[in-house]
Structures are given as C-alpha cells and as structure tokens.
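Let me begin by presenting the structure, written as structure tokens, before commenting on it.
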Amino acid sequence: MQSIAAELPPSDGVACFNRMYLDVTSQVNAELDNGFYTDRAFMTELDVNFANLYFDAVNRGDDVKAVPAAWRPLFERRADPGIEEIQFALAGMNAHINHDLPLAMVQTCTDLDTAPDIDPHHADYQKVDVLLDAAEEAIRRSFEDQCERTLDRRLRAVANFVVNWGINSARDLAWTNAQLLWVVRDEELAHELFLDSLTKATELAGRMLLVAVP
C-alpha cells in the first residue's frame, strides 16, 4: 500500500481509497501482537487474503476491462473531475468490504480448515469494528470540516454519501454474505449465482457512489 501511495498522484481515485485503507490496516495490524485478537493466526491470514484481492485489482488497473467488476467503477472514474475524494474512498470501501471481504473470509476458512461460525472468529471479526469506529469518525469529521470551510453547496450534497454509508453496517452484511458463500461453497451453481448477484450489486453501488454532484 505504501508503494501504491508513492506511485500515484494524491488526486487519483485509487490513491484516495489507498490512503484510508493503509491507515486502517496499520491500526488493525498494530493489534496483532498485543493479545487483542483471540486467534491471531486466523486474523493475520484473513488480513493477507483480504489485502491480496485489492492488490489484484490494482495490478490489473492498466486494463480496466480486466479489473474485477466490483472494482471497475472506481478504476473507470479514478481521474474524472467533479468527484470528491470521499466518494472515491467510499467506492473503494464498497468494493473491498461488500465484495472482497466475504471472499477473503471463505478463503481463510478453507486455508486453515475451519469455518466462519467456529469460535472465536466472529468475536475477533467484531473487534475490528471497534478500531474502525474511530477511523470512520475521523473520515466524517474531516469531510464535514471541509464543507464548513468552503460553504460549497456541492460539497454539502456529497456529504450525504458520508452520512448514508457506514463501515460497520457494511461489515455486518459482509459477514452474513461470507456465511452464505461458505454454505454453498460446494454447490457450484448456487455459489456461482450468489457470487454473481453479489458482484453486480456491489458494482451498481459503486457507480452510484461515484456520481458527480453538479
């Protein structure tokens, strides 16, 4: 993530998401060695699998058609004018949490021969929400302060995106979707249909988040 940040201009839409993701990941990783998580090995594996899905999207970024569909709205519009940094950040969060997190959870459980509902996976998963609360509040406060400074009606309209999108709510839904993906993992048709639906819903949400506000 540090390499990505060094390579991209700050105004790039992917860079806007990357800055936030780097900050949150640093906070999550800082707790790995101090007993914050009951199952450190599981959370480390989940963190790696989760990040690799984002890195895969970045590595395909030069060919937008090759970028996973859930990420495509962000990569298609990363240089478009009229879109605020917070919109790019939320679009990245939408793709990474709503789509990638359930996949990373299933992959991690498969790798470690466990299951989502085995203790203490859900409890450790929820502990991350405590860390994200502070990050989300900082994001909201920063953008609200910007609106107050500029008194820009367009920025105030974009602020609705911040109000209506919650990290923890998205993670709650991602956990449910991970459970569903786990249940149908061996049913090829059901797995394919559910994943296709999840991907299309995430892509649509990303396009809505990246609507330029006049």
Side-chain angles (χ1 to χ4, degrees), residues 1-4 17-18 20-60 67-71 74 90 92-136 165-203 205-206:
M1 292 179 211
Q2 292 173 332
S3 297
I4 293 171
F17 166 72
N18 190 79
M20 183 186 60
Y21 188 29
L22 175 59
D23 180 60
V24 170
T25 300
S26 298
Q27 294 181 49
V28 172
N29 288 349
E31 302 293 346
L32 285 174
D33 294 322
N34 66 7
F36 184 72
Y37 304 110
T38 302
D39 191 338
R40 180 184 182 279
F42 181 87
M43 293 302 292
T44 300
E45 184 78 6
L46 176 60
D47 195 30
V48 171
N49 285 333
F50 188 39
N52 281 341
L53 291 169
Y54 165 57
F55 296 147
D56 177 63
V58 173
N59 290 336
R60 297 168 183 250
V67 172
W71 283 98
L74 175 59
L90 291 180
M93 290 165 64
N94 167 66
H96 204 35
I97 295 176
N98 288 334
H99 180 268
D100 290 355
L101 187 51
L103 273 65
M105 176 63 68
V106 171
Q107 183 63 53
T108 301
C109 289
T110 301
D111 292 344
L112 299 180
D113 193 24
T114 183
D117 291 332
I118 292 179
D119 290 336
H121 301 329
H122 190 223
D124 278 342
Y125 181 92
Q126 289 181 310
K127 288 178 182 178
V128 177
D129 292 340
V130 177
L131 303 177
L132 292 178
D133 280 339
E136 184 174 21
W165 205 96
I167 296 175
N168 289 348
S169 295
R171 281 177 52 82
D172 287 343
L173 180 59
W175 177 264
T176 299
N177 286 333
Q179 290 176 304
L180 291 170
L181 277 175
W182 180 256
V183 169
V184 301
R185 68 191 184 282
D186 295 324
E187 302 291 336
E188 184 176 352
L189 179 59
H191 182 272
E192 182 179 337
L193 289 173
F194 181 78
L195 187 55
D196 183 62
S197 177
L198 178 64
T199 300
K200 288 179 178 177
T202 305
E203 181 181 4

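Counting from 1, the numbers follow the sequence of the chain as shown. Predicted model, so just to flag it, every value in this text is computed and none were measured.
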CG (Leu46) and CE (Met43) are apart, to the nearest 0.5 Å, by 5.5 Å

Problem set entry | Check: Leu53 and His99 side chains under 4.5 Å, non-hydrogen atoms | no

| said: Less than 4.5 Å apart, side chain to side chain, heavy atoms only: is that true for Phe17 and Ile4? | reply: no

Shortest non-hydrogen pair, His121 vs Ala115, comes out as CD2-O, 3.0 Å

*asked:* Side chains of Ser197 and Leu193, heavy atoms from C-beta outward: is any pair under 4.5 Å?
replied: no

Parallel, tilted or perpendicular: ring planes of His96 versus Tyr21, cut at 30 and 60 degrees: perpendicular

Note to self: Trp71 vs Asp56, test: side-chain contact (heavy atoms from CB on, under 4.5 Å). Steps then yes/no.
What the structure shows: CA-CA 10 Å; Trp71 283 98; Asp56 177 63; over 6 Å; no

Between Ala69 and Thr199, the two heavy atoms sitting closest are CB-CG2, 3.7 Å

ask   = Hey, does Val184 have a side-chain heavy atom less than 4.5 Å from the side chain of Leu195?
value = no

- Task: For Leu90 and Asn94, run side-chain contact (heavy atoms from CB on, under 4.5 Å): C-alpha distance rounded to whole Å, both residues' side-chain angles, the deciding distance at 0.1 Å, then the answer.
- Result: CA-CA 6 Å; Leu90 291 180; Asn94 167 66; over 6 Å; no

Requested in this report: Quick one: do Met105 and Asn177 satisfy side-chain contact (heavy atoms from CB on, under 4.5 Å)? Show the steps, please.
Outcome: CA-CA 10 Å; Met105 176 63 68; Asn177 286 333; over 6 Å; no

Smallest heavy-atom separation, Pro102 atom then Ala174 atom, equals CG-O, 3.5 Å

Taken in chain and number order and not counting sequence neighbours, the residues that satisfy side-chain hydrogen bond (donor to acceptor under 3.5 Å, both in side chains) with Asn18 are Tyr54

d(Glu203 CD, Asn98 CG) to nearest 0.5 Å is 13.5 Å

Next on the checklist: Run the side-chain contact (heavy atoms from CB on, under 4.5 Å) test on Gln126 and Trp175 for me, step by step, so that the C-alpha distance in whole Å, both residues' side-chain angles and the decisive distance to 0.1 Å come before the verdict.
Outcome noted: CA-CA 10 Å; Gln126 289 181 310; Trp175 177 264; over 6 Å; no

Output for pair (His122 NE2, Asp117 CG), nearest 0.5 Å, gives 8.5 Å

Output for pair (Asn52 CG, Leu103 CG), nearest 0.5 Å, gives 12.5 Å

Check whether Lys127 reaches the backbone of Phe36 with its side chain - one donor and one acceptor, N or O, closer than 3.5 Å.
yes

Notebook entry, point to check: Any donor-acceptor pair under 3.5 Å linking the side chain of Arg171 with the backbone of Leu101?
Noted result: no

Is the shortest side-chain heavy-atom distance between Arg185 and Trp182 below 4.5 Å? yes

Of all heavy-atom pairs linking Ala57 and Pro68, the shortest is CA-CD, 4.1 Å

TODO: Check whether any side-chain heavy atom of Phe42 lies under 4.5 Å from a side-chain heavy atom of Cys109, and answer yes or no.
DONE: yes

The single option from Asp124, Asp119, Leu112 that satisfies side-chain contact (heavy atoms from CB on, under 4.5 Å) with Asp39 is Asp124

| query | Does the side chain of Asp196 come within less than 4.5 Å of Lys200's, by heavy atoms? | reply | yes

Rounding to 0.5 Å, atoms CE (Met1) and CZ (Phe55) come to a distance of 4.0 Å

- Query: Any side-chain heavy-atom pair from Thr202 and Leu198 closer than 4.5 angstrom?
  - Reply: yes

